K.L.:
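Below: one structure in structure tokens.
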Amino acid sequence: MDSYDVLVVGGGVAGSTASVFTARAGLGTVVVDDGESILRRNAHLENFPGFPAGVNSNLFTDMLEAQSTRNGADHLDGRVTEVRRVEDEAGEETPGGDARFVATVATDESDDTELAARFVVVASWADVDYLDGLDVDVRDAGSKRYVDDDGLGRTNVDGVYVGGRLAERYHQAIVAAGHGAEVAITLIHDSETPYYHDWVAPEGYFTDRGREVPPGCEEISETERQARERESIAAMQEYFAEPHPEPQRTHPSLVDDELGRLSDE
């Protein structure tokens, strides 16, 4: 059984953003995603800061996953069907270390897989039946279900956090990204990771003033800054060199395709 510090359920905007921060903070992170991010139904994402003319929603989602992976998070295609406490695993082989939860993940490639984690971030939408065994506070609102939190992403179950739409935040990509980051930083603080800045500063910014570089920060030389800028430019040019090949999606009920993919014609 693989064991992680953080299990993120859902690879949409909130979940992927949360994983960027937890992974950068040095917490072993895995994202389990069933590939159904609703953002992929957007014909063109036009209200996310940093893209003056908008961006293809599939490309944006791919870039966000790549950023998560680059920062050290693992990604697993599958669907979490159950999360339970390690302490409830009496008579079964249980993971060592500080893991508090075990998740069952259904995948297409093999039998169910189990993952252990100290923390769980739920950022799926909108099925939360997999949380039933944890007694997480869930509110029904017609056809939708929301997980209650304390305003910073903590649920009533210690170690379980909720991010994005599932936490009843506004249904905008930038809001989901911001909330995913906020929840991740809450988790980082709760994990007793030293106060986390997550900032790359020019060489000497702290040390030339007689200060230590704060946890999560990094000082880099001008040569290194230029190298990273060149790498960034090359990566963005590659991402935007050609139109995204994935067919546009719509609501699955409108077409004869389980993912809602439209014909190119």
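As the structure is a prediction and not an experimental result, all values here were calculated from the model.
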K.L.:
Which is it for D149 and R169 under the salt bridge (Lys or Arg N to Asp or Glu O under 4.0 Å) test, yes or no, and what are the steps along the way?
P.N.:
CA-CA 11 Å; D149 75 300; R169 291 335 190 247; 3.1 Å; yes
K.L.:
Hey, does the side chain of R118 reach the backbone of V6 with a donor-acceptor pair shorter than 3.5 angstrom?
P.N.:
no
K.L.:
Looking at E219 and V213, would you say the former's side chain and the latter's main chain have a donor-acceptor pair under 3.5 Å?
P.N.:
no
K.L.:
Does this structure show an ion pair linking D112 with R79, if we count only N-O contacts that are shorter than 4.0 Å?
P.N.:
no
K.L.:
Output a table of donor-acceptor pairs, distance under 3.5 Å, between side-chain atoms of residues 183-190 and any protein atom two or more places apart or on a different chain; print 'none' if there are none.
P.N.:
residue	atom	partner	partner atom	Å
T186	OG1	L152	O	3.0
T186	OG1	E182	O	3.0
D190	OD1	R154	NH2	3.1
D190	OD2	R154	NE	2.9
D190	OD2	Y161	OH	2.7

K.L.:
Okay, side chain of D2, backbone of L115: is any donor-acceptor separation there less than 3.5 Å?
P.N.:
no
K.L.:
Mind checking whether R225 and P202 have side chains closer than 4.5 Å, heavy atoms only?
P.N.:
no
K.L.:
Do V200 and F206 land in one hydrophobic cluster if side-chain heavy atoms of ILVMFWY residues count as linked below 4.5 Å?
P.N.:
no
K.L.:
For the CG atom on D77, are there more than 12 heavy atoms of other groups (residues, nucleotides or ligands in this structure) within a distance under 6.0 Å?
P.N.:
no
K.L.:
Check step by step if side-chain contact (heavy atoms from CB on, under 4.5 Å) holds for L131 and V147.
P.N.:
CA-CA 10 Å; L131 296 176; V147 175; 4.3 Å; yes
K.L.:
Who passes ring pair (Phe, Tyr, Trp, His ring centres under 6.0 Å) against Y205, sequence neighbours left out?
P.N.:
W199
K.L.:
Using the rule that two of Ile, Leu, Val, Met, Phe, Trp, Tyr join whenever any of their side-chain heavy atoms come within less than 4.5 Å, decide whether V55 and I174 are in one cluster.
P.N.:
yes
K.L.:
In the structure I gave you, are the side-chain heavy atoms of R165 and K144 within less than 4.5 Å of one another anywhere?
P.N.:
yes
K.L.:
Determine whether F119 and L166 fall in the same hydrophobic cluster, where Ile, Leu, Val, Met, Phe, Trp and Tyr are linked whenever their side-chain heavy atoms lie under 4.5 Å apart.
P.N.:
no
K.L.:
Show, in sequence, the C-alpha distance, side-chain angles and deciding distance for Q67 and T17, and conclude whether the side-chain contact (heavy atoms from CB on, under 4.5 Å) test is met.
P.N.:
CA-CA 9 Å; Q67 185 176 13; T17 302; over 6 Å; no
K.L.:
Thinking salt bridges, do E114 and R84 make one under a 4.0 Å N-O criterion?
P.N.:
yes
K.L.:
With a 4.5 Å limit on heavy-atom distance, are the side chains of V121 and V9 in contact?
P.N.:
no
K.L.:
Is there a side-chain contact between E224 and E203 (heavy atoms, below 4.5 Å)?
P.N.:
no
K.L.:
Mind checking whether D33 and H75 have side chains closer than 4.5 Å, heavy atoms only?
P.N.:
no
K.L.:
Test of understanding: clusters of I, L, V, M, F, W, Y form through side-chain heavy atoms closer than 4.5 Å, transitively. Do F60 and V175 belong to the same one?
P.N.:
yes
K.L.:
Is R139 paired with E168 through a side-chain N to carboxylate O contact shorter than 4.0 Å?
P.N.:
yes
K.L.:
So, for H179 and G163, which heavy atoms are closest and what is the spacing to 0.1 Å?
P.N.:
ND1-CA, 3.5 Å
K.L.:
Is atom CZ of F240 surrounded by more than 12 heavy atoms (other residues, nucleotides or ligands) closer than 6.0 Å?
P.N.:
yes
K.L.:
Atom SG in C217, atom CD in E212: separation rounded to 0.5 Å?
P.N.:
12.0 Å
K.L.:
Output the distance between atom CG (D148) and atom OG1 (T155), rounded to the nearest 0.5 Å.
P.N.:
9.5 Å
K.L.:
Sequence neighbours excluded, which residues qualify as side-chain hydrogen bond (donor to acceptor under 3.5 Å, both in side chains) partners of D74?
P.N.:
Y4
K.L.:
With a 4.0 Å cut-off, would you call E218 and R228 a salt bridge?
P.N.:
yes
K.L.:
Is a side-chain N or O of H197 found less than 3.5 angstrom from the main chain of P214, in a donor-acceptor match?
P.N.:
no
K.L.:
So, is the end of the R85 side chain (NZ or CZ) under 6.0 Å from the ring centre of F101 and within 45° of the ring's axis?
P.N.:
no
K.L.:
For the OG1 atom of T223 and the CD atom of Q226, what is their distance to the nearest 0.5 Å?
P.N.:
6.0 Å
K.L.:
Throw together a table of side-chain donor-acceptor distances under 3.5 angstrom for residues 39-49, partners on residues two or more places apart or in other chains.
P.N.:
residue	atom	partner	partner atom	Å
R40	NH1	N58	OD1	2.9
R40	NH2	D62	OD1	3.0
N42	OD1	H44	N	2.9
H44	NE2	A53	O	3.2
N47	ND2	Q172	OE1	2.8

K.L.:
Would you check, one step at a time, whether the test side-chain hydrogen bond (donor to acceptor under 3.5 Å, both in side chains) holds for T193 with S191?
P.N.:
CA-CA 5 Å; T193 298; S191 73; 2.8 Å; yes
K.L.:
L259 versus P252: any side-chain heavy-atom pair under 4.5 Å?
P.N.:
no
K.L.:
If Ile, Leu, Val, Met, Phe, Trp and Tyr residues are connected whenever their side-chain heavy atoms lie under 4.5 Å apart, and connections chain through other members, are Y146 and V83 in the same group?
P.N.:
yes
K.L.:
Contact between V80 and T104 at the side-chain level, heavy atoms closer than 4.5 Å - yes or no?
P.N.:
no
K.L.:
Hey, could you give me each pair passing salt bridge (charged side-chain N to carboxylate O under 4.0 Å, His left out) that has a residue in residues 231-248? Not counting sequence neighbours.
P.N.:
R70-E231, E246-R249
K.L.:
How many angstroms lie between CG in L254 and NE2 in H251, if you round to the nearest 0.5 Å?
P.N.:
7.0 Å
K.L.:
Under 3.5 Å, side-chain donor or acceptor atoms of residues 18-32 against the rest of the protein: list the pairs with distances, not counting sequence neighbours.
P.N.:
residue	atom	partner	partner atom	Å
S19	OG	S16	O	2.6
S19	OG	S68	OG	2.7
T22	OG1	A18	O	3.3
T22	OG1	S19	O	3.3
T22	OG1	T29	OG1	2.9
R24	NE	D198	OD1	2.6
R24	NE	D198	OD2	3.4
R24	NH1	N71	OD1	3.0
R24	NH2	D198	OD1	2.8
T29	OG1	L27	O	2.8

K.L.:
Got a second to check how far H244's NE2 is from L59's CG, nearest 0.5 Å?
P.N.:
6.0 Å
K.L.:
Can you check whether D158 reaches V160 side chain to side chain, under 4.5 Å on heavy atoms?
P.N.:
no
